[in-house]
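Report on the structure given below.
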Amino acid sequence: METLIFKGIDNIEEAGRIIADGGLVAFPTETVYGLGASAYDSGAAKKIYAAKGRPSDNPLIVHIDEPSRIYELADEITPDAQKIINAFMPGAVTVIVKKNAKISGDVTAGLDTVAVRCPSNEIARALIKASGVPIAAPSANISGKPSPTTARHVMDDMTGKIDAIIDGGACEVGVESTIVDTTGEVCTVLRPGGVTLEMLREVVPDIRYDKNITRAIGENEKPKCPGMKYKHYSPNADVYVIEGGEKEVQAEINRRISENKGKNIGVLFMYGAVYDGAVMLGAGGGGKEYAHNLFAALREFDRLNIDVVFAEFREADGWAQAVKNRLYKAAAYKVIHV
Ligand code: TXA
Ligand code: MG
């Protein structure tokens, strides 16, 4: 299949038509690139799973162009859900609500709930508008790879497998949306992201993290968010997180570099460049920069054929949970505290 490349907003009507006709279009959002299809077309949803190699029990997020359109997809919006919608949509938050009959079971992997998000990215919203339907879209990576934060990343994973890619430049946030389950007794955050727990507490004081956010899920467990149990974000390199204060982290990484002579070593640094014999990429000093740079850095290490990555980490601010959730998964939970 030939994959068309569209620049920005230029071909948005054509891109919208492709979606309306049951095709697949990758598009930028403020978080990561999405791989979109009509949420009302179960055949198109199946094509998403095929293009990504995604397990069929992992549901998709449905994207809308105006927050109020959530009422076309859901039977019941709780008062807490409404508060979150009012405060943070459009933006980097997804709410899980009870779905109505219009959304195909192929989109929600058979669940009776649906994940809904209204992105703030103008190209994304224009695409949804042009297509005339809500757009079901997971991140536009091959299942298991780091999420794409540039059109180049999407091209690397999806060229030849989908109808079109819209190039809207680099994504601002760099990690996926915060997912909030609003269907239980209290709201829980199933995936941390750019809208932090502290921000959510301003409008829903008793909201809390789901317990599975930064731990490995066992083989036979059934987490709330099906995506939690899959190996995610894993680059080809073997990733280790070295967590702690500056001096200790640097000493530990230098020790490990000398132990691994002969391998191609990469360091994702937060503190500074004090390493010989490693390819260095900067994560940025704060959590927000780390989130923005993380997936691109993991993909860059792969491009450079790095065998082992040591990632410096410390919990700097409100973004720490969003970074940690992805970083720990990328490292398959190989975390060394020093
Ligand atoms: O920022 C984002 O959210 C990006 C952009 C493209 O919008 N999308 C994204 O989609 O990250 P994806 O498919 O990579 O991650 C969606 C996560 C999965 O872990 C999935 O299991 C969970 O959302 N999910 C979807 N529907 C759900 C539901 N009804 N209940 C619980 N979890 C759900
Ligand atoms: Mg994903």
Side-chain angles (χ1 to χ4, degrees), residues 24-37 39 45 48-49 51-65 73-74 88-100 103-121 123-125 127-128 134-149 153-154 157 166 168 171-184 187-195 210 212-213 217 222-234 291 295 322 325-326 329-330:
L24 302 188
V25 177
F27 61 98
T29 82
E30 68 279 18
T31 57
V32 302
Y33 274 74
L35 176 55
I48 290 181
Y49 287 91
K52 280 181 61 90
R54 181 179 177 102
S56 61
D57 67 347
N58 196 3
L60 309 177
I61 294 176
V62 176
H63 297 69
I64 51 180
D65 60 343
L73 311 173
F88 303 110
M89 278 193 194
V93 71
T94 295
V95 290
I96 311 268
V97 294
K98 286 253 179 294
K99 84 176 193 77
N100 68 19
I103 294 289
S104 135
D106 290 305
V107 168
T108 62
L111 299 177
D112 62 357
T113 57
V114 61
V116 184
R117 162 158 139 75
C118 177
S120 62
N121 181 287
I123 297 173
R125 293 174 77 185
L127 176 68
I128 303 164
I135 294 183
S139 50
N141 51 287
I142 292 171
S143 210
K145 290 281 160 211
S147 296
T149 56
H153 299 157
V154 181
D157 283 14
I166 303 178
C171 301
E172 215 177 292
V173 178
V175 293
E176 308 86 345
S177 61
T178 304
I179 300 182
V180 181
D181 183 4
T182 68
T183 64
C187 290
T188 55
V189 173
L190 302 183
R191 181 176 71 184
V195 175
D210 184 89
N212 292 327
I213 270 180
I217 309 284
K222 209 167 182 238
K224 275 256 179 63
C225 187
M228 279 176 175
K229 68 173 181 281
Y230 292 110
K231 193 170 173 202
H232 248 81
Y233 318 123
S234 50
F295 289 145
N325 173 266
R326 277 79 181 178
K329 281 193 189 183

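Nothing here was measured: the structure is a model prediction, and the numbers come from that model. Counting starts at 1 for both ligands and their atoms, following the listed order.
At a threshold of 4.5 Å between non-hydrogen side-chain atoms, the residues Leu127 and His63 do not count as touching.
Checking Thr29 against Arg117 by side-chain atom types alone, a donor-acceptor pair falls below 3.5 Å. Side chains of Ser147 and Glu176: a donor on one and an acceptor on the other come within 3.5 Å. Thr31 and Ser177 are not linked by any side-chain donor-acceptor pair at a separation below 3.5 angstrom, with hydrogens and angles left out of the test.
Within ligand 1, the atoms closer than 4.0 Å to a non-hydrogen atom of Thr113 are 28 (C), 29 (N), 30 (N), numbered from 1 in the order shown. Of all atoms in ligand 1, numbered sequentially from 1 with element shown, those under 4.0 Å from a heavy atom of Gly34 are 6 (C). Near Ile61, meaning under 4.0 Å from one of its heavy atoms, ligand 1 places the atoms 3 (O), 8 (N), 9 (C), 10 (O), 16 (C). Every atom of ligand 1 with a heavy atom of Leu111 under 4.0 Å away is listed here by number and element: 28 (C), 29 (N), 30 (N). With ligand atoms numbered from 1 in the order given, ligand 1 contributes 1 (O), 2 (C), 3 (O) to contacts under 4.0 Å with heavy atoms of Ser177.
In this structure, Tyr49 contributes its side chain and Asn58 its backbone to a donor-acceptor pair below 3.5 Å. No donor-acceptor pair closer than 3.5 Å links the side chain of Asn141 to the backbone N or O of Pro148. Remark: the backbone N or O of Ile96 is not paired with any side-chain donor or acceptor of Thr113 at under 3.5 angstrom. Looking only at distances, no side-chain donor or acceptor of Lys99 sits under 3.5 Å from a matching main-chain atom of Ser104.
If you look at His63 next to ligand 1, the close heavy atoms, those under 4.0 Å, all belong to the side chain. Using a 4.0 Å cut-off between heavy atoms, Ile179 contacts ligand 1 through its side chain alone, with no backbone atom that close. Counting heavy atoms under 4.0 Å from ligand 1, residue Arg54 touches it through the side chain alone.
For Thr31, a nitrogen or oxygen atom sits less than 3.5 Å from a nitrogen or oxygen atom of ligand 1, counting backbone and side chain alike. Annotation: Arg191 places an N or O atom under 3.5 Å from an N or O atom of ligand 1; distance criterion only. The shortest N or O to N or O distance between Tyr33 and ligand 1 is not below 3.5 Å.
The Mg ion (ligand 2) has no N, O or S atom of Ser143 inside 2.8 Å of it.
Contact between Thr108 and ligand 1 is absent, with no heavy atom of the residue lying under 4.0 Å from the ligand.
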